[in-house]
Amino acid sequence: METFGERLHAAVAERGPLCVGIDPHASLLARWGLSDDIAGLEHFARTVVEALADRVAVLKPQSAFFERFGSRGVAVLESTIRQSREAGALVLLDVKRGDIGSTMAAYADAYLSPASTLCADAITVSPYLGVGSLQPAFDSAAAHGGGVFVLALTSNPEGPAVQHAVTSSGKSVAQTVIDEISQVNAGAQPLGSLGLVVGATIGETGHDLSKVNGPLLAPGLGAQGGTPDDLRAVFGESLHNVLPSYSREVLAAGPEIGELRAATDRVLAGVRAALG
């Protein structure tokens with residue numbers, strides 16, 4: 001069984017270092033001329049998959065924008081995950097779950113177990129009940145060849161109040177998270193399966209990412225203000241492990257499939273140049 005780290009490394013080598021979000025929020029549906037209902041959601045998601053799933057390394061559906069339509073929206077999410085994976089893209093499901101004990105184990109079963117219709121290649125999680133609380137997700141990922149991306153340094157203005165707070169060890173909360181993930185990934189080849197989420201717009205923070213040995217998801221590019229050139233300031237020597245993530249910058253080019261593909265090619269060229 002290949003690990004997620006192995007599959008991601010291969011996908012990036014073949015298709016390039018790019019993750020594209022699938023974020024069907026109401027304003028994008030309207031921009032595409034679609035109704036803000038299940039029919040609009042289904043058309044939007046199907047079009048993005050048709051345009052991009054056979055050419056980008058990673059697609060990242062944002063679960064909330066599907067969940068807001070209830071059970072029928074979740075059914076569209078299931079179909080989106082399945083069709084994306086069948087076309088060759090890895091699916092990073094953006095759910096940001098975080099809990100303890102049996103509840104975290106249930107989330108892991110929902111999103112990382114092959115027995116679930118929501119099974120993705122990887123998920124996002126929140127560590128703010130303690131990194132140890134995420135162990136059921138780590139265990140499930142290891143058992144099934146999945147990946148987990150842990151929030152570490154986010155771009156939202158409220159983030160630093162928690163993430164930069166200093167613990168009794170003298171390290172920041174974010175550095176503690178970074179170090180714990182680094183320990184799990186130690187020795188993995190060619191890449192560990194536990195990643196971190198580090199915003200592309202945070203600038204130089206003084207945090208050390210050099211030992212993570214796992215993928216570094218960098219959201220915030222494009223419409224959120226980040227540029228490929230910002231990546232070097234944020235990631236420094238860890239630039240080779242960065243997975244840049246775009247959403248609105250690409251999605252706003254729809255609904256024409258050719259325009260979505262052209263927008264993807266443009267941003268991929270930009271990140272290739274920045275990452276060297």
Side-chain angles (χ1 to χ4, degrees), residues 3-5 8 19 58 60 62-63 92-101 103-105 107-108 111-112 120-142 146-188 191-221 224 226 230-231 233-245:
T3 67
F4 173 73
L8 178 60
C19 170
V58 182
K60 181 173 67 68
Q62 168 49 260
S63 184
L92 168 56
L93 184 57
D94 198 353
V95 289
K96 297 184 180 70
R97 300 297 193 249
D99 216 308
I100 59 173
T103 308
M104 193 65 231
Y107 282 138
Y111 304 121
L112 293 169
D121 293 282
I123 61 171
T124 57
V125 296
S126 173
Y128 295 108
L129 290 173
V131 175
S133 69
L134 301 173
Q135 194 62 47
F138 298 161
D139 290 344
S140 185
V148 179
F149 285 78
V150 182
L151 299 179
L153 290 161
T154 59
S155 298
N156 60 303
E158 305 87 355
V162 174
Q163 296 156 14
H164 292 198
V166 177
T167 70
S168 58
S169 69
K171 296 190 293 187
S172 71
V173 171
Q175 191 65 57
T176 301
V177 172
I178 293 165
D179 291 348
E180 292 197 39
I181 298 305
S182 300
Q183 290 175 19
V184 179
N185 281 337
L191 192 68
S193 294
L194 300 187
L196 295 172
V197 180
V198 178
T201 60
I202 62 172
E204 172 57 54
T205 66
H207 289 81
D208 181 9
L209 297 164
S210 64
K211 298 179 182 178
V212 174
N213 191 34
L216 301 168
L217 183 72
L221 293 162
Q224 291 176 265
D230 293 327
L231 297 174
V234 176
F235 296 98
E237 296 179 0
S238 301
L239 206 59
H240 60 287
N241 285 341
V242 173
L243 180 63
S245 181

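Quick caveat, the model's predicted, so the values are computed rather than measured.
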Under the rule for side chain to side chain donor-acceptor pair (under 3.5 Å), what residues qualify as partners of Gln135, not counting sequence neighbours? Asp139

Using a 6.0 Å cut-off, check whether atom CD1 of Ile100 has over 12 heavy atoms from anything other than its own residue. no

Set of side-chain contact (heavy atoms from CB on, under 4.5 Å) partners for Asn185, sequence neighbours left out: Ile181, Leu194, Val212, Asn213

Could you measure the distance from the NZ atom of Lys96 to the OG1 atom of Thr154? Nearest 0.5 Å is fine. 9.0 Å

With sequence neighbours left out, what residues match Ser63 under side chain to side chain donor-acceptor pair (under 3.5 Å)? Glu67

Minimum heavy-atom separation for Ala165 to Ala161, with atom names? CB-O, 3.8 Å

Name all residues meeting the side-chain contact (heavy atoms from CB on, under 4.5 Å) criterion together with Pro136; count only those two or more places apart in sequence or in a different chain, and write none if there are none. Met104, Ala105

Would you list the pairs meeting side chain to side chain donor-acceptor pair (under 3.5 Å) in which at least one residue belongs to residues 234-244, sequence neighbours left out? none

For Ala174, enumerate each residue passing the side-chain contact (heavy atoms from CB on, under 4.5 Å) test, keeping only those at least two apart in sequence or located in another chain. Leu153, Gln163, Ser172, His207

Any side-chain heavy-atom pair of Leu8 and Asp121 under 4.5 Å: no

Hey, could you give me the CG/OG distance between Leu196 and Ser182, rounded to the nearest 0.5 Å? 7.0 Å

Taking all non-hydrogen atoms of both residues, which atom of Leu93 and which atom of Tyr111 are closest, and how far apart? CD2-CD2, 3.4 Å

Between Ala141 and Gly147, what is the shortest heavy-atom contact and its length? CB-N, 4.1 Å

Please find the pair of heavy atoms, one from Ile178 and one from Ala152, that lie closest to each other, and give the distance. CG1-CB, 4.3 Å

Can you pull the salt bridge (Lys or Arg N to Asp or Glu O under 4.0 Å) pairs that have at least one residue in residues 168-180, sequence neighbours excluded? Lys171-Asp179

Closest heavy-atom pair and its distance - Gly199, Val234: O-CG1, 3.8 Å

By side chain to side chain donor-acceptor pair (under 3.5 Å), which residues pair with Thr124, not counting sequence neighbours? Asp94

Nearest 0.5 Å, please: how far is OG in Ser126 from CG in Asp99? 10.0 Å

The reported gap from OG1 in Thr201 to CG in Asn156 (rounded to nearest 0.5 angstrom) is 9.0 Å

Quick check against the 3.5 Å criterion: does Ser193 have a side-chain atom that pairs as donor or acceptor with the backbone of Gly5? yes

Between CG on residue Leu112 and CD1 on residue Ile123, distance to nearest 0.5 Å: 4.5 Å

Show the nearest heavy-atom pair for residues Val242 and Ala218, with the distance to one decimal. CG1-CB, 4.0 Å

With sequence neighbours excluded, residues passing side chain to side chain donor-acceptor pair (under 3.5 Å) with Thr176: none

Please lay out, stage by stage, how Phe138 and Val131 fare under the test side-chain contact (heavy atoms from CB on, under 4.5 Å). CA-CA 10 Å; Phe138 298 161; Val131 175; 4.1 Å; yes

Roughly how far, to the nearest 0.5 Å, is CG of Leu151 from CG of Leu217? 9.5 Å

Quick one: which residue pairs count as a salt bridge (Lys or Arg N to Asp or Glu O under 4.0 Å) with a foot in residues 194-212, not counting sequence neighbours? none

